[in-house]
2 protein chains.
Amino acid sequence: MAYEELKLERQLCFKIYALHRQLMAAYRPLLDELGVTYPQYITLLYLWEHEEATVGQLCSALGLDTGTVSPLLKRMEANGLVSKRRLVSDERTVQVSLTERGRILEEEARSIPSYMATCLFGGDEADAETLATVLDRTIRQVSETRKR
Amino acid sequence: MAYEELKLERQLCFKIYALHRQLMAAYRPLLDELGVTYPQYITLLYLWEHEEATVGQLCSALGLDTGTVSPLLKRMEANGLVSKRRLVSDERTVQVSLTERGRILEEEARSIPSYMATCLFGGDEADAETLATVLDRTIRQVSETRKR
DNA sequence: GGGCATCATATTGCGTACAATGTAACAGAG
DNA sequence: CTCTGTTACATTGTACGCAATATGATGCCC
């Protein structure tokens with residue numbers, strides 16, 4: 001059982017952890033130009049697609065909890081990327097929407113995905129497909145196991 | 001070019017980010033019993049294998065920088081897991097070694113890798129092999145690209 | 001052997017992450 | 001209508017993670 005040893009290089013989890021940090025480092029120079037962090041970037045990805053969202057929708061779409069998202073949105077609001085308002089129909093829920101500045105950033109972000117695709121695979125689409133498939137299956141597997 | 005769109009579910013990087021956090025959440029209850037966090041756990045993995053290490057060796061083995069590792073070791077020292085001393089031969093370098101308590105934890109950690117393997121793949125070794133291979137290739141590719 | 005670049009760590013500042021807690025708004029039972 | 005439980009967010013506290021900076025030790029050039 002190769003992956004059941006207490007050795008660092010064998011640990012699949014460590015590889016994912018390492019890759020995650022490599023990816024963040026690869027994104028950083030690109031996102032610095034936009035003046036956002038990675039979690040802010042994926043928040044924008046969601047909003048570019050849906051125009052607006054409640055805090056709860058963002059939390060579940062991004063898989064983050066309110067303790068992370070709430071101050072993140074506060075910083076994004078301070079930077080003029082999004083605006084927040086409470087719903088009249090339910091004063092508890094907060095609607096987040098893009099500002100003009102937040103919308104404009106989408107244009108500047110257009111080149112990022114293709115750059116990152118190259119960075120990840122050097123253009124090898126087959127590898128991308130394989131990794132995507134296995135990742136999806138693994139994510140599902142882990143979240144299933146965690147429910148019990 | 002499916003992975004070059006500004007859509008969240010399409011983004012391979014987001015999948016890795018999501019899986020990373022799922023894994024940390026899966027580890028948490030296990031590591032809580034040992035009283036350590038995941039970065040502390042992988043530090044212990046290294047020390048269980050090598051008995052002792054300099055701060056620099058730990059940084060490069062774990063791929064973390066000194067600003068992360070230094071306070072992490074401070075906390076581990078405060079919890080009685082490791083001890084630190086400066087080398088006589090070079091007063092700049094700090095040797096980290098396991099305390100008795102740190103060594104004993106290895107026994108309590110024995111069951112973690114097999115539990116996590118099940119959690120990740122439900123015991124499917126083939127998937128593990130595939131993922132490990134693709135991850136290694138991708139990690140190498142990203143770090144190569146980042147050097148330029 | 002004095003001066004200086006380099007090296008090994010430590011510290012500071014900012015932004016996540018998440019558990020735990022707080023708070024105001026809503027919803028339903030009676 | 002009131003009481004109570006729930007919901008949607010916000011806040012607090014602790015621990016990363018990294019860029020930038022600080023600090024002391026070492027090595028080397030002259």
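Lettering of chains follows the sequences in order, A, B, ..., and the numbering in each one begins at 1.
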_Ring geometry between Y41(B) and Y27(B) (parallel below 30°, tilted from 30 to 60°, perpendicular above 60°)_ = tilted
*Using 30° and 60° as the class limits, which term best fits the ring planes of Y17(A) and F14(A): parallel, tilted or perpendicular?*
tilted
Rounding to a whole Å, what distance do you find between [X]:[atom1] and [N]:[atom2]?
X	N	atom1	atom2	value
M76(A)	dT16(C)	CE	C1'	13 Å
L58(A)	dA8(D)	CG	P	14 Å
D32(B)	dC18(C)	CG	C1'	11 Å
R86(A)	dC9(D)	CZ	P	8 Å

*Please round to the nearest 0.5 Å and tell me the distance separating atom CD of Q57(B) and atom CG of L62(B).*
11.0 Å
_For the CG atom of D136(A) and the NZ atom of K15(B), what is their distance to the nearest 0.5 Å?_
3.5 Å
Dump the pairs, protein N or O against N or O of nucleotides 26-28 of chain D, anything under 3.5 Å, distances to one decimal.
residue : atom : partner : partner atom : Å
dT26(D) : OP1  : E91(B)  : N            : 3.1

Might you list the N or O atoms of the protein lying below 3.5 Å from N or O atoms in nucleotides 11-18 of chain D, with each pair's distance?
residue : atom : partner : partner atom : Å
dT11(D) : OP2  : K74(A)  : NZ           : 3.3
dC16(D) : OP1  : T37(B)  : OG1          : 2.7
dC16(D) : OP2  : Q40(B)  : NE2          : 2.9
dC16(D) : OP2  : R75(B)  : NE           : 2.7
dC16(D) : OP2  : R75(B)  : NH2          : 2.9
dC16(D) : O5'  : R75(B)  : NH2          : 2.6
dG17(D) : OP2  : Y17(A)  : OH           : 2.3
dC18(D) : N4   : G67(B)  : O            : 3.4

*Is there a side-chain contact between T118(B) and T145(A) (heavy atoms, below 4.5 Å)?*
no
*Side-chain heavy atoms of L87(B) within contact of V94(B), under 4.5 Å*: no
*salt bridge (Lys or Arg N to Asp or Glu O under 4.0 Å) pairs, two or more places apart, involving residues 22-33 of chain A*: none
*Passes salt bridge (Lys or Arg N to Asp or Glu O under 4.0 Å), R103(A) versus E106(A)? Steps please.*
CA-CA 6 Å; R103(A) 238 183 307 273; E106(A) 185 173 7; over 6 Å; no
